Amino acid sequence: MPNPFHAGFGVSPPLLVGREGVLDDFAEALENGPGATGRATLYTGARGSGKTVMLNAVEDLARGRGWLVVSETATAGFIGRMTEQHLPRILRDLDPKAVQRRLKGVTAPLGMGRVDWATAENHQVMAGLRSQVEAVTNLLAEHGTGLLITLDEIHRNQLPELRELATTVQHAFREGRELAFVGAGLASGVSDVVNDDVLTFLRRAERHGLGSVRRDDVERGFREPIEAAGRRVGDPALQIMVRATDGYPFLLQLIGAQTWRLHPHLDEISVDDATEGVERARRRLGTLVHEPALRTASDIDKSFLLAMAADDGPSRMGDVQARLGVGTSYASQYRLRLIAAELIEPAGYGFVTFTLPHLREYLREQAAAGI
Ligand SMILES: Nc1ncnc2c1ncn2[C@@H]1O[C@H](COP(=O)(O)OP(=O)(O)O)[C@@H](O)[C@H]1O
Ligand SMILES: [Mg+2]
């Protein structure tokens with residue numbers, strides 16, 4: 001039987017669990033019309049917390065209401081991709097004649113005569129983000145729908161382009177246009193951007209931290225896809241799987257996938273399968289999540305993390321400092337660096353803990369293996 005689970009970044013799960021409230025907020029913002037705060041929304045969370053699939057979900061939701069969607073990732077040139085590809089395509093699909101009518105307005109002062117398709121497209125290419133968004137929202141208003149722009153992996157590296165997008169969105173909001181914007185990124189990246197002076201509207205955006213998923217939701221996230229795909233799982237096996245996720249969405253899919261594939265032709269997932277599946281998932285988590293997360297960490301960052309890994313729970317900063325044999329200001333400087341990198345987070349006064357599940361075990365294994 002085909003495996004319903006698939007652990008891959010950006011791949012929507014068989015069942016999206018624990019995010020109903022967040023999705024409802026967005027649906028409501030679409031209904032409530034221009035001016036609703038949720039018309040600008042930001043999702044933040046660690047790698048694997050489900051940011052990209054939430055963008056997929058809001059896009060589906062908007063499309064279901066007849067909205068059109070421009071979906072981009074904040075890598076260099078995203079504005080160009082919007083103005084040269086997505087928006088011209090939408091305009092062409094919506095109403096080719098309107099494109100030409102509009103273009104006449106654009107080309108008239110240049111004294112151009114005939115507007116054929118080639119020139120029409122060329123000029124549309126040159127039209128800026130703002131005028132294209134205006135054209136699209138004008139056309140959509142005739143149908144009573146609007147435009148959703150989503151932007152994944154928001155990061156300060158793309159500040160100039162983000163400013164351009166923000167200015168356009170802000171104008172459209174002010175003019176009462178049917179436009180919504182949903183962005184996603186690591187909390188640190190999003191905070192940097194939100195604190196930029198020009199991006200004030202993002203500061204007022206609704207922010208949702210995509211944290212861990214509740215236990216009963218994780219249970220549903222396993223059981224329902226398993227049953228829908230024609231197999232069963234008993235409670236003891238299910239509890240082994242649920243507990244091992246720590247509420248971490250990526251691990252839900254990874255454990256589901258690894259457990260399923262052990263005996264895909266048997267009716268029921270056994271306790272042995274669950275135990276083995278969890279073990280395999282943990283090993284793969286190192287390659288898929290921990291290793292990439294640590295790729296940009298310096299040697300000192302890693303020693304700090306290793307010093308933390310000596311504890312079984314949150315680490316006291318005083319202990320970490322003593323283990324490293326460094327002074328308070330040095331340690332606190334690295335603490336801030338690692339918080340910004342989303343590898344650790346504050347855990348009450350004077351304590352820090354790991355952001356990613358099982359990073360502690362991963363670091364211990366690496367240390368034991370002498371890597
Ligand atoms: N709420 C959820 N319920 C079930 N699976 C989820 C959920 N959120 C994310 N996933 C799964 O976790 C994995 C990582 O999701 P993704 O959106 O790529 O994370 P991010 O963009 O935050 O790094 C994917 O396999 C996805 O299907
Ligand atoms: Mg992502």
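In each ligand, atom 1 is the first atom listed, and ligand 1 is the first ligand listed. Source: prediction; values computed, not measured.
For atom 5 (N) of ligand 1, the nearest protein heavy atom (residue, atom name, distance) is Q253 NE2, 2.9 Å. Nearest non-hydrogen protein atom to atom 10 (N) of ligand 1 is P249 CB, 3.6 Å. Among protein heavy atoms, atom 3 (N) of ligand 1 sits closest to V17 N, 3.1 Å. In terms of protein heavy-atom proximity, atom 13 (C) of ligand 1 is closest to F250 CD1, 3.6 Å.
Salt-bridge check for D216 with R223: failed, with every basic side-chain N at 4.0 Å or more from each acidic carboxylate O. Note on R39 versus E178: salt bridge recorded, some NZ/NE/NH1/NH2 to OD/OE distance being below 4.0 Å. Salt bridge annotation for R65-E31: present, with a cationic side-chain nitrogen under 4.0 angstrom from a carboxylate oxygen.
Counting all heavy atoms, side chain and backbone alike, M82 lies closest to Q132 at O-OE1, 4.3 Å.
One side chain, T75 or R81, offers a donor N or O that lies under 3.5 Å from an acceptor on the other.
Between I149 and L165, the closest side-chain pair of non-hydrogen atoms falls below 4.5 Å. For the pair Y330 and I300, the minimum side-chain heavy-atom distance is below 4.5 Å.
Between F9 and ligand 1, no N or O atom pair is found at a separation short of 3.5 Å. Of the N or O atoms in V53, one or more lie within a sub-3.5 Å distance of an N or O in ligand 1. Close N/O approach between G48 and ligand 1 is found [any backbone or side-chain N/O within under 3.5 Å]. In terms of N/O distances under 3.5 Å, ligand 1 is not approached by S12. Considering backbone and side-chain atoms alike, V11 places an N or O below 3.5 Å from some N or O of ligand 1. Distances between N or O atoms of G50 and those of ligand 1 include at least one value under 3.5 Å.
Under 4.0 angstrom from ligand 1, the non-hydrogen atoms of K51 come from both its backbone and its side chain. Counting heavy atoms under 4.0 Å from ligand 1, residue L15 touches it through the backbone alone. When non-hydrogen atoms are compared, ligand 1 lies under 4.0 Å from neither the backbone nor the side chain of M54.
Remark: R89 CZ is packed, more than 12 non-hydrogen atoms of other residues, nucleotides or ligands lying under 6.0 Å away.
Ring pair F250/F9 is parallel by interplanar angle, where below 30° counts as parallel and above 60° as perpendicular.
When G185, P13, G8 are ranked by how near their heavy atoms come to atom 24 (C) of ligand 1, first place goes to G8.
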